[in-house]
Structures are given as C-alpha cells and as structure tokens.
Q: 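Here it is, the structure, as structure tokens.
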Amino acid sequence: MQGAITRVCMVVVAAILNHPLLFPNENTTIPEEDDELLTRMKEHQEKLEAEQKRLEQEISQTETALIGDQDSYSWYFWSALCLVIFFTIEVCRQDMIPTEMPDPMEDEVGDPSAEYLSAKTVVLDKGVLSNFCKTRFHPFIHESGRVQEFIEGFADDLLEALRSVCDRDSDLEVEDFVGIGSMFESWRASKPPTCDLIVPFAPPRPFRFQFQLWCDPSTEIPLDLQGCGRIKLIKPGGNGTDYCLCASTNLGDDMLCLLHNRNECEKLEDHTLVELLCAKNTSYLSKDQIMTWFQISVSKAWGQISHKYDFELGFRNLDFPGALKIRFRSGKTVVLNVTPAVQFEDTAAYLISHFPSDISNSSDTHWKLSLTVYEKNLLKHLAKQLPTNSCHVHCLQIVSFLHKKQTALTGRSAFSNYHIKTALLHLLLSKRPATWQPQNLDHRLRDLLGFLQQSMEEKRLYHIVVGNPRIPSEILVPKIIRTAEPINLFRPLVLQRHVYAKMEEHFQEMVRNTSVLVQEYTPHLSNGYVRH
C-alpha cells in the first residue's frame with residue numbers, strides 16, 4: 001500500500017511539474033509551430049495518462065483488499081494529504097501565471113493621448129534647459145533681493161503696530177517673524193513674488209503653553225494626524241509650578257506680590273483668555289479662534305501705518321487671515337503669507353495653524369508641526385558640499401514652474417511645492433555631490449521627476465526630517481523629532497481616494513507636458529539665438 005501511495009504522489013508531482021502553464025515564461029524563444037516538439041509533448045502526456053489509469057486500477061484493487069483493515073484510516077489520511085498538496089501546488093501555479101494587463105499605451109477606447117508616460121523617458125535638451133533657466137530664473141536673483149528687503153522692513157513695521165494695538169496684559173504676545181519658503185531659500189520660480197512668514201506668539205503672563213505632539217508616547221493622536229500636536233493653555237494654579245499665593249490669598253492693602261502687580265493678580269482670577277482662544281469646553285488652543293484674533297489684529301495694525309505706504313494691502317483669502325496681497329500703483333503685486341504659530345519649546349520647530357498650500361481640514365485643536373527652518377538649514381548645509389553652480393536649485397525651480405503652469409491648465413490639486421522640495425532633499429542625501437554638476441541638469445531633472453512619480457505609485461513620500469537617521473548632526477534636530485517614526489506625507493491624501501487620484505492625474509499631465517512647456521516658455525529667434 002505504501003508503495004502505491006508513493007507512486008501516486010510521484011505521478012501527481014510529475015504531472016504538475018510538466019504542466020506547460022507552471023513555468024509560462026520559460027523557453028519563450030522556441031517557436032510555437034515546431035510540430036515535432038508538440039508531437040513529443042502529446043506522446044509524453046498520453047504516457048502519463050496511461051500510467052495514471054493503471055495506478056488508479058491498482059489502487060482500487062488495493063482499496064478493496066483493505067476493506068475492514070485497521071490501516072484504512074491511514075490510507076484516508078495519506079489520500080487527504082496528497083489532495084491538499086495537489087491543491088496547494090495548483091493555487092501557487094495560478095499565482096505564477098501572469099495576469100493579462102491592458103495595454104498602457106492606450107485606454108479603453110484606444111485613445112493614445114491617455115498613455116502613461118514614465119518620467120525617465122521625458123525628452124530634455126540640455127541647450128533648451130540652459131536657455132530656459134537663463135531667461136526664466138536669472139532675472140529673479142536681483143529682484144528677489146530687493147523684494148525680500150522690502151518685505152522684511154514692512155513686516156517689522158506691521159508687527160510693531162500689531163503689538164501696539166494688543167493689550168499687553170490680556171492679549172497674546174507677538175514675537176519676531178521667521179522667513180521661510182522659496183523667497184528666503186533662494187529658489188523662487190515664478191511671478192508674482194511670494195513671501196512666507198511665520199509669526200510666533202506667546203501667552204501673556206502668567207499663562208503658559210504645554211505641548212502634546214503625536215510622537216509623544218503619552219499622547220493619543222489619530223494616525224491620520226501624524227505630524228500634528230495640541231497646545232494646552234495652562235491656567236494659573238493649574239500646575240504646581242505656576243501657582244502663586246497672590247491668586248488665592250488676601251494680601252491686604254498694604255502688601256504687594258513681587259512677581260505680579262495688582263492688575264495681574266486680578267487677571268489670575270479672570271480666565272476669559274481661555275474662553276477667547278481655546279476650543280469650547282477645553283483648554284486646547286483653537287486654530288479658528290487664533291485666526292480670528294489674528295485677522296482683527298492685523299487689520300487694526302494696518303490701519304495705524306497705512307498712511308506711511310503708497311500701496312494697497314488686502315486679504316486674498318478670508319479662510320486664511322494671513323493671506324495678504326500688496327498691490328502697488330504700478331500694478332505690480334507681492335503675495336505675502338503671514339502665518340500665526342507657536343514655537344515648540346526652545347527649538348526652531350513651530351506649530352502652525354495651516355500651511356499656505358494645504359487644502360485639508362484637520363481638527364480645530366490639532367496644529368501642524370513646521371520644520372521648515374531645519375529644512376532650510378539642511379538645504380544650505382548640503383549645498384556647501386556640491387560643485388560650483390550645481391544644478392539642484394534649477395531642478396527645484398523647473399519642477400515648481402511646471403507645477404504652477406499645470407495648475408493653471410487643470411486646476412488645483414493636493415500636489416505642492418513642499419512635495420517637490422522634499423523629494424529634492426531626499427535625492428541630495430542619496431546621490432554623490434559630484435553628480436550635481438551643472439551639465440547634468442537634464443539627468444537630475446529626470447531623477448527628480450522619476451522620484452516623485454515612483455513615490456506616487458508607491459503612495460509614500462517620507463518627511464525629510466522626522467525620523468530620518470541620515471540628517472547630519474549639524475542640523476540640530478530635536479531628539480523627540482529625530483527619533484520619531486517617519487511620517488508619510490501622502491498618507492492623509494491616500495485616505496481620500498478622489499483627492500489622491502486627482503493629484504496623480506495632475507502630476508502625470510505635468511510630466512507629459514514637460515517638454516512642451518519648457519520649449520514654449522523658452523523664447524527663441526529664427527536664427528536659433530535666444531531672445532532676451
């Protein structure tokens with residue numbers, strides 16, 4: 001009986017291994033019309049079938065002889081085991097058979113314009129790219145310096161006026177601004193000039209902020225809010241370190257607190273600041289409340305200094321109170337994004353109400369962590385190691401320019417310049433500095449587009465700073481950020497399928513139009529010389 005079982009197993013295995021679909025990719029060079037080969041295969045299959053029938057008859061006779069035998073249960077066990085093995089091998093074989101995929105070169109109706117174009121195949125002429133950068137970006141070098149100097153002076157004046165309209169005893173304290181973004185990182189790519197400023201604020205004494213970041217083990221924050229944190233406004237006496245006896249003890253008319261004046265003592269008992277700045281029935285800072293306060297304060301501050309300037313200042317978007325536009329009499333404009341923020345402890349990290357390019361609506365009490373200062377320092381640090389006139393800035397400018405033009409053609413999507421800069425920083429960390437020579441612009445540009453395309457296909461683009469062990473120690477990233485789990489910037493978008501699909505479509509269209517847009521916006525004369 002055991003010999004029969006063994007032979008059955010051998011026949012089953014031989015039949016499976018000789019099945020033509022088990023290894024469909026093997027011997028693909030043998031022509032299908034080889035009649036001799038087909039004849040031998042048929043004869044081999046007929047021999048296997050005859051052997052299988054003979055063994056089935058032998059097994060049937062053996063099974064009849066074993067009726068009533070105590071070993072019949074063993075026979076059933078081995079039969080079941082053979083069946084399981086056969087079924088498992090068949091399932092694995094089906095997984096190995098390639099699924100028939102639709103032709104990527106045309107869609108369902110055969111429209112060749114819907115083809116999927118790999119970023120690695122984009123045709124980019126070195127001469128055209130060089131002329132494009134000279135005519136598009138070089139004029140920004142001197143203009144950006146003048147605009148940055150003007151904005152810094154205006155912002156100082158505006159914030160000083162804002163401090164004067166705020167109540168020093170009960171309003172938030174406004175601190176000095178921090179310049180971020182393309183203008184302050186020297187990779188401006190388009191008109192009009194856009195300046196991004198972070199304006200930190202602090203609570204009036206004796207209040208203080210307490211932070212609860214997503215990466216803090218003691219904090220419970222949903223996964224879709226990674227990279228966020230909550231800011232708790234600590235009331236006087238709410239913590240032992242903030243408690244002062246003058247808030248609960250009658251000192252009398254002839255005694256004064258050396259830490260707080262009489263007005264402050266009265267305000268210790270008045271917690272209206274919590275009601276004005278925090279979400280309802282909580283002590284967590286509300287983004288909506290802060291933005292309302294900020295918009296009112298900026299309007300009052302501009303009213304005090306508007307007579308000193310010969311231009312108009314208006315709000316571009318009421319949903320974002322710091323989205324301003326300066327319009328001169330000449331018709332020129334400057335876009336100014338002033339974002340209220342809270343400095344995270346004694347670091348260069350900030351919790352901000354929103355990113356200028358953000359289109360998502362998160363919780364009112366969850367503030368986004370901005371590490372743009374560290375990113376700016378990282379970009380400067382890596383640039384020092386690159387060759388003279390390296391092409392990394394032009395790569396960033398070109399893709400940012402293409403993104404803006406594509407947005408004008410097909411509308412806004414979740415794709416942003418921040419994704420582009422993050423991808424470039426990943427490439428700068430992974431590639432040798434010598435590969436960023438100016439003559440390699442076309443190759444590095446394809447690499448940047450290819451990296452973004454691959455990231456979208458894999459649905460993951462990791463934050464360049466959070467949890468990245470490759471960040472140099474000179475950047476001085478806080479330990480709680482450096483040791484945190486990496487953040488996938490695409491994760492919140494993937495959870496919104498229609499948003500992510502639109503972003504992928506936007507990027508694919510941008511890749512498809514890359515060569516055309518570069519050619520179109522590179523002015524040429526008929527004799528081949530560039531028109532300046």
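For clarity, every value in this text was computed on a predicted model and none was experimentally measured.
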Q: Let me confirm one number: the NZ-CE distance from Lys404 to Met510, rounded to the nearest 0.5 Å.
A: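 If we round to the nearest 0.5 Å, Lys404:NZ and Met510:CE are 15.0 Å apart.
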Q: About how many Å separate CG of Leu448 and CG of Leu427, when rounded to the nearest 0.5 Å?
A: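 Answer rounded to 0.5 Å: 6.0 Å.
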Q: Can you find a heavy atom in the side chain of Glu160 that is under 4.5 Å from one in the side chain of Ser164?
A: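 Not in contact.
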Q: Quick one: does Pro193's side chain get under 4.5 Å of Met183's, heavy atoms only?
A: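 Touching, per the 4.5 Å side-chain cut-off.
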Q: Does the side chain of Phe209 reach to within under 4.5 Å of the side chain of Leu233, using non-hydrogen atoms?
A: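 Counting from C-beta outward, Phe209 and Leu233 do come under 4.5 Å.
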Q: Could you walk me through whether Phe137 and Val393 pass side chain to side chain contact (heavy atoms under 4.5 Å, CB included), step by step?
A: CA-CA 10 Å; Phe137 306 136; Val393 172; over 6 Å; no
Q: According to the interplanar angle, ranging from 0 to 90°, do the rings of Phe311 and Tyr309 count as parallel (below 30°), tilted (30 to 60°) or perpendicular (above 60°)?
A: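 Geometry flag for Tyr309 against Phe311: tilted rings.
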Q: Just so I know, are the side chains of Leu213 and Thr219 near enough to count as touching, which here means a heavy-atom distance under 4.5 Å?
A: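 SC-SC contact between Leu213 and Thr219 ruled out.
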Q: Show me, pair by pair, the donor-acceptor contacts under 3.5 angstrom made by side chains of residues 485-493, not counting sequence neighbours?
A:
{"from": "Asn488", "atom 1": "OD1", "to": "Leu461", "atom 2": "N", "distance (Å)": "2.8"}
{"from": "Asn488", "atom 1": "OD1", "to": "Phe490", "atom 2": "N", "distance (Å)": "3.0"}
{"from": "Asn488", "atom 1": "ND2", "to": "Lys459", "atom 2": "O", "distance (Å)": "3.0"}

Q: Checking Phe140 against Lys191 for the side chain to side chain contact (heavy atoms under 4.5 Å, CB included) test, could you report, in this order, the C-alpha distance in whole Å, the side-chain angles of both residues, the deciding distance, and whether it holds?
A: CA-CA 9 Å; Phe140 292 155; Lys191 297 180 179 180; 3.8 Å; yes
Q: Enter the distance from Ser416:OG to Lys421:NZ here, rounded to the nearest 0.5 Å.
A: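 Result: 10.0 Å between the selected atoms.
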Q: Under a 3.5 Å cutoff, is there a donor and acceptor pairing between the side chains of Asp216 and Ser218?
A: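 Distance-only check passes for Asp216 and Ser218.
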Q: At their closest point, which heavy atom of His392 faces which heavy atom of Leu386, and how far apart are they?
A: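 What the structure gives for the nearest pair is ND1-CD1, 3.3 Å.
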Q: Report the residues that fulfil ring pair (Phe, Tyr, Trp, His ring centres under 6.0 Å) with Phe344, sequence neighbours left out, ordered by chain and then residue number.
A: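 Phe344: ring pair (Phe, Tyr, Trp, His ring centres under 6.0 Å) contacts with Phe211.
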Q: Side-chain contact test, heavy atoms from C-beta onward, threshold under 4.5 Å: evaluate it for Leu452 versus Val511 and give yes or no.
A: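 Counting from C-beta outward, Leu452 and Val511 never come under 4.5 Å.
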Q: Minimum heavy-atom separation for Ser283 to Lys232, with atom names?
A: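 Heavy atoms of Ser283 and Lys232 come nearest at OG-CE, 3.2 Å.
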Q: On a heavy-atom basis, which atom in Lys134 and which in Pro139 lie closest, and how many Å separate them?
A: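 What the structure gives for the nearest pair is O-CD, 3.5 Å.
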Q: Return the minimal non-hydrogen interatomic distance between Tyr350 and Pro200, and the atom names on each side.
A: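 That closest heavy-atom pairing would be CE2-CG, 3.6 Å.
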Q: How many angstroms lie between CH2 in Trp367 and CD1 in Ile290, if you round to the nearest 0.5 Å?
A: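 Rounded to the nearest 0.5 Å, the CH2-CD1 separation comes to 5.0 Å.
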Q: Could you tell me whether Glu143 and Arg146 have a side-chain N and a carboxylate O separated by less than 4.0 Å?
A: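 Answer for the salt bridge query: no.
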Q: Ring pair (Phe, Tyr, Trp, His ring centres under 6.0 Å) with Phe177: which residues, sequence neighbours excluded?
A: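 Checked Phe177 against ring pair (Phe, Tyr, Trp, His ring centres under 6.0 Å); zero matches.
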Q: Which heavy atom of Cys278 sits nearest to which heavy atom of Ser286, and what is that distance?
A: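 Closest heavy-atom pair between Cys278 and Ser286: C-CB, 3.8 Å.
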Q: Quick one: list whatever passes side-chain contact (heavy atoms from CB on, under 4.5 Å) with Ala323, sequence neighbours left out.
A: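 By the side-chain contact (heavy atoms from CB on, under 4.5 Å) rule, Ala323 matches Arg316, Asn317, Phe320, Asn337.
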Q: Starting at CD of Gln397, measure out to OG of Ser186 and round the result to the nearest 0.5 Å.
A: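 The distance works out to 9.5 Å.
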Q: Between Ile198 and Val373, is there a side-chain heavy-atom distance shorter than 4.5 Å?
A: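 With C-beta onward as the side chain, the pair stays apart.
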Q: Do Asp196 and Arg188 meet the salt-bridge criterion of a basic N to acidic O distance under 4.0 Å?
A: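 The answer is no: the pair does not qualify as a salt bridge.
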Q: Salt bridge between Arg512 and Glu509, side-chain N to carboxylate O under 4.0 Å?
A: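 Judged by the 4.0 Å cut-off on N to carboxylate O distance, Arg512 and Glu509 do form a salt bridge.
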Q: Does the pair Leu379 and Leu425 meet the rule for a side chain to side chain contact (heavy atoms under 4.5 Å, CB included), with working shown?
A: CA-CA 7 Å; Leu379 189 59; Leu425 288 171; 3.7 Å; yes
Q: Of all residues at least two apart in sequence or in a different chain, which pass the salt bridge (Lys or Arg N to Asp or Glu O under 4.0 Å) check with Asp346?
A: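 Asp346 satisfies salt bridge (Lys or Arg N to Asp or Glu O under 4.0 Å) with no other residue.
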Q: Please tabulate, one pair per line, all N/O donor-acceptor pairs under 3.5 Å involving side-chain atoms of residues 324-333, not counting sequence neighbours.
A:
{"from": "Arg329", "atom 1": "NE", "to": "Asp310", "atom 2": "OD1", "distance (Å)": "3.1"}

Q: Please table the atom pairs, donor to acceptor, closer than 3.5 Å between any side-chain atom in residues 465-476 and protein atoms at least two apart or in another chain.
A:
{"from": "Asn468", "atom 1": "OD1", "to": "Arg470", "atom 2": "N", "distance (Å)": "3.0"}
{"from": "Asn468", "atom 1": "ND2", "to": "Ile464", "atom 2": "O", "distance (Å)": "2.9"}
{"from": "Arg470", "atom 1": "NH2", "to": "Leu429", "atom 2": "O", "distance (Å)": "2.7"}

Q: Strictly by salt bridge (Lys or Arg N to Asp or Glu O under 4.0 Å), give each pair with a member in residues 496-508 just once, sequence neighbours left out.
A: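 Qualifying pairs, neighbours excluded: none.
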Q: Do Asn417 and Ser182 come close enough that some side-chain heavy atom pair is under 4.5 Å?
A: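 Heavy-atom side-chain distance check fails, nothing below 4.5 Å.
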Q: The criterion is salt bridge (Lys or Arg N to Asp or Glu O under 4.0 Å); which residues satisfy it with Asp157, sequence neighbours excluded?
A: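 Listed in chain order: Lys308.
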Q: Going by salt bridge (Lys or Arg N to Asp or Glu O under 4.0 Å), name the residues that satisfy it together with Arg444, two or more places apart in sequence or in a different chain.
A: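 Here the qualifying residues are Asp447.
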Q: I need the minimum non-hydrogen distance between Phe451 and Ala423, along with the two atoms involved.
A: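 In terms of heavy atoms, the two residues are closest at CD2-CB, 3.5 Å.
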Q: I'd like to check the ring pair (Phe, Tyr, Trp, His ring centres under 6.0 Å) partners of Phe507; sequence neighbours left out, ordered by chain and number.
A: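 With sequence neighbours excluded, Phe507 shows a ring pair (Phe, Tyr, Trp, His ring centres under 6.0 Å) to Phe415, given in chain and number order.
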Q: Are the aromatic ring centres of Phe294 and Phe201 under 6.0 angstrom apart?
A: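 Ring-ring flag for Phe294/Phe201: false, centres at least 6.0 Å apart.
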Q: Can you check side chain to side chain contact (heavy atoms under 4.5 Å, CB included) on Val174 and Ser297, steps first, answer last?
A: CA-CA 11 Å; Val174 180; Ser297 300; over 6 Å; no
Q: Is it true that atom CD of Glu312 has more than 12 heavy atoms of other residues, nucleotides or ligands lying nearer than 6.0 Å?
A: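 Incorrect, the count does not exceed 12.
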Q: So, using ring pair (Phe, Tyr, Trp, His ring centres under 6.0 Å) as the criterion, who are the partners of His394 when residues are at least two apart?
A: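 Checked His394 against ring pair (Phe, Tyr, Trp, His ring centres under 6.0 Å); matches are His138.
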Q: Any side-chain heavy atom of Val477 sitting closer than 4.5 Å to one from Leu371?
A: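 In short, these two side chains do not touch, never coming nearer than 4.5 Å.
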Q: Atom CD1 of Ile305 and atom CG of Leu162: how far apart are they, to the nearest 0.5 Å?
A: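 So the CD1 of Ile305 and the CG of Leu162 are separated by 9.5 Å.
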